[in-house]
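Reviewing the structure listed below.
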Amino acid sequence: MFESEHFKKQAGLLTFTPSISEWVEQTRAIGLYVKRGKYVGTYANKDIAFEFASAISPTFKLYLIKEFQRLKEEENDKKQIEWNAKRFLSKNNYLIQTNAVKNYLIPQNTYSENLKWLAYAEEADILNVTEVLIITSR
């Protein structure tokens with residue numbers, strides 16, 4: 001019979017008051033640690049500690065939820081700023097590159113007679129693909 005069965009049977013009794021050290025020893029719990037001597041205390045994995053504190057204090061649980069939401073919003077704001085900066089740089093680089101192609105690669109001819117302007121369209125397509133790859137790789 002598992003040791004946890006022993007605890008299950010006694011859990012409803014008023015006299016059932018196991019200590020943390022009993023629980024750790026009997027169930028071989030790995031997420032809890034009882035330290036004796038100097039710096040005595042009961043230590044737990046942070047997930048266990050948060051769950052325990054949330055169960056005994058609704059105020060703490062609300063604080064934990066609100067803090068998590070605040071941190072996620074802050075993280076998303078940083079990502080948004082980074083994305084906007086990449087977008088701004090891509091947009092400016094695009095203008096610089098397309099102007100360079102228009103001014104230096106394409107001769108100033110009539111476009112109906114000389115089809116060299118197609119190079120501009122091809123270069124612009126390559127730049128558009130590059131911009132999309134840069135933005136989506138974030």
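If you're wondering where the values come from, they're calculated on a predicted model, not measured in any experiment. Along the sequence shown, residues carry numbers from 1.
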Atom CG in L89, atom CD1 in I96: separation rounded to 0.5 Å?
-> 9.5 Å
Pairs in or reaching into residues 54-72: which pass salt bridge (Lys or Arg N to Asp or Glu O under 4.0 Å), with residues at least two apart or in two chains?
-> E67-R70, R70-E74, K72-E75
Could you give the side-chain donor-acceptor pairs of residues 46-54 under 3.5 Å, partners two or more places apart or in another chain?
{"from": "S54", "atom 1": "OG", "to": "F50", "atom 2": "O", "distance (Å)": "2.8"}

Is the number of heavy atoms from other residues, nucleotides or ligands under 6.0 Å of I30 CD1 greater than 12?
-> no
Any chance OH of Y63 has more than 12 other-residue heavy atoms, nucleotides or ligands included, within less than 6.0 Å?
-> no
Heavy atoms of A44 and L32 approach each other most closely as CB-CD2, 3.4 Å
